[in-house]
Amino acid sequence: MSLIGSLRLVLSRPHREARPFLLASGAATVAVRYLGWRLNCPVLKRAGTLSGAFFGFCLYFFRDPKRVPPPREGLVVAPADGHIVSIQKVAPPAELGMGDTPVWRVATFLSVLDVHVNRMPVAGTVTRIAYHEGKFLNASLDKASTDNERNALSITLPDGRMVAVVQIAGLVARRIVCSVKEGDRLEAGERFGIIRFGSRTDVYLPPGVEPLVAVGQTMVGGETVVAQLDA
């Protein structure tokens with residue numbers, strides 16, 4: 001990636017979920033630093049510096065860069081940035097009612113340094129959204145898919161096949177945001193939510209569709225091709 005491209009990624013406009021964090025930390029930084037200067041108090045000055053650092057972290061964490069999905073139809077793209085921690089054949093989430101026939105699941109782990117905006121892996125209609133309370137285990141663990149707090153979506157393709165994508169909370173994540181509703185028709189790469197702070201996103205492919213990625217591979221949400229539906 002070029003230097004300009006890297007700067008655009010880091011300095012991209014923050015997601016709307018960042019607003020309360022930026023307002024609170026920004027106001028605290030100004031107020032505490034002002035008081036520290038007026039009272040000449042080293043403790044307040046250090047507190048202002050820490051608050052300012054948190055403001056900068058929020059700008060970085062909530063960045064929402066523009067992504068350009070591949071123009072070719074019939075592709076499954078990465079639903080999130082991060083790196084693949086597992087590729088396994090398992091049954092889709094029970095709460096989605098997609099049956100118990102094992103399909104390929106590609107699990108992507110997001111560290112706190114990754115972009116946390118979630119994107120649609122395929123073009124289709126959101127037919128079901130199911131939230132499931134759970135634990136907050138390390139999202140890189142395989143059991144996080146079944147034990148952790150999660151929000152699952154089933155997406156029906158134009159030909160009737162189904163793809164599932166699951167937002168999974170991690171060790172420090174405490175909020176899953178899903179901005180779409182059942183019945184919404186979305187294109188591949190469109191934003192559908194965000195997870196705070198550190199998490200995992202799983203995508204379940206239709207029966208017979210093979211993944212084109214490998215464990216350890218770095219993913220770019222909305223751009224990296226995970227599978228081809230009509231291979």
Side-chain angles (χ1 to χ4, degrees), residues 1 5 8-10 12-18 60-85 87 93 96 104-131 139 145 150-158 161-170 173 175-206 209 211-213 217-229:
M1 182 182 292
R8 284 176 177 172
L9 174 62
V10 174
S12 59
R13 184 176 180 178
H15 191 273
R16 61 178 177 272
E17 281 291 311
Y60 181 79
F61 177 85
F62 286 102
R63 63 197 188 282
D64 185 10
K66 180 180 178 181
R67 295 288 163 78
V68 181
R72 184 175 173 181
E73 294 184 1
L75 298 178
V76 180
V77 297
D81 287 27
H83 69 276
I84 297 176
V85 291
I87 299 176
L96 291 179
W104 285 108
R105 180 191 69 199
V106 179
T108 301
F109 174 73
L110 296 75
S111 77
V112 292
L113 300 179
D114 289 312
V115 173
H116 273 58
V117 175
N118 294 136
R119 298 173 183 273
M120 294 296 289
V122 291
T125 302
V126 178
T127 48
R128 190 166 185 177
I129 300 175
Y131 172 78
S145 291
R150 61 187 183 270
N151 187 60
L153 293 80
S154 61
I155 307 159
T156 301
L157 305 174
R161 289 183 292 175
M162 302 186 76
V163 170
V165 61
V166 186
Q167 302 168 285
I168 302 172
R175 179 166 168 78
I176 296 174
V177 177
C178 180
S179 56
V180 299
K181 61 183 184 300
E182 294 178 359
D184 284 351
R185 173 71 169 80
L186 297 129
E187 297 298 323
E190 279 195 67
R191 302 167 179 85
F192 76 87
I194 188 171
I195 315 175
R196 307 191 310 235
F197 292 90
S199 52
R200 173 170 163 172
T201 305
D202 293 352
V203 60
Y204 293 76
L205 304 175
V209 176
L212 300 176
V213 289
Q217 183 174 339
T218 298
M219 309 291 276
V220 179
E223 294 187 354
T224 302
V225 175
V226 174
Q228 185 172 338
L229 293 169

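No experiment lies behind these values; they were computed from the predicted model shown.
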*In sequence, state the C-alpha distance, the side-chain angles, and the governing distance for Val203 and Arg105, and then conclude on side chain to side chain contact (heavy atoms under 4.5 Å, CB included).*
CA-CA 6 Å; Val203 60; Arg105 180 191 69 199; over 6 Å; no
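- Residues Gln167 and Phe192 meet the side-chain proximity criterion, which asks for heavy atoms closer than 4.5 Å.
- Closest non-hydrogen pair, Arg67 versus Asp81, comes out as NH1-OD1, 2.7 Å.
- For Pro69 against Ala188, the heavy-atom pair with the smallest separation is CG-O, 3.4 Å.
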*For Leu110 and Thr201, run side chain to side chain contact (heavy atoms under 4.5 Å, CB included): C-alpha distance rounded to whole Å, both residues' side-chain angles, the deciding distance at 0.1 Å, then the answer.*
CA-CA 8 Å; Leu110 296 75; Thr201 305; 3.8 Å; yes
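- The side-chain heavy atoms of Met120 and Ile155, taken from C-beta on, include a pair separated by under 4.5 Å.
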*Stepwise side chain to side chain contact (heavy atoms under 4.5 Å, CB included) test for Leu205 and Val163*: CA-CA 5 Å; Leu205 304 175; Val163 170; 5.5 Å; no
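- No side-chain heavy atom of Tyr204 sits less than 4.5 Å from a side-chain heavy atom of Ser154.
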*His116 vs Ser199, side chain to side chain contact (heavy atoms under 4.5 Å, CB included): CA-CA, chis, key distance, verdict*: CA-CA 8 Å; His116 273 58; Ser199 52; 3.4 Å; yes
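- Distance CG/Leu75 to CZ/Arg72: 5.5 Å, rounded to 0.5 Å.
- No side-chain donor-acceptor contact under 3.5 Å links Thr156 and Thr125.
- The shortest side-chain heavy-atom distance between Leu229 and Val76 falls under the 4.5 Å cut-off.
- Distance check: Ile129 CD1 to Leu96 CG gives 10.0 Å after rounding to the nearest 0.5 Å.
- The shortest non-hydrogen separation linking Val77 to Gly189 is CG2-N, 4.1 Å.
- Classification of Asp202 and Arg150 as a salt-bridged pair fails, no side-chain N sitting under 4.0 Å from a carboxylate O.
- Contact check for Gln217 versus Thr224: side-chain heavy atoms found under the 4.5 Å cut-off.
- Closest approach of Asp114 and Phe109 over heavy atoms only: OD2-O, 4.0 Å.
- Between Gly193 and Ser179 the shortest heavy-atom distance is N-OG, 3.8 Å.
- Under the rule for a salt bridge (Lys or Arg N to Asp or Glu O under 4.0 Å), Glu73 has no partner lying at least two apart in sequence or in another chain.
- Considering only heavy atoms from C-beta on, Ile194 stays 4.5 Å or farther from Asn118 through its side chain.
- Here the closest non-hydrogen pair linking Gly222 and Pro70 is O-CD, 4.0 Å.
- Counting heavy atoms from C-beta outward, Arg200 and Thr108 have side chains that stay 4.5 Å or more apart.
- For the atom pair CG (Asn151) and CD1 (Ile195), the distance works out to 8.5 Å, reported to the nearest 0.5 Å.
- When side chains are defined from C-beta on, Glu223 does not count as touching Arg119, because their heavy atoms never get closer than 4.5 Å.
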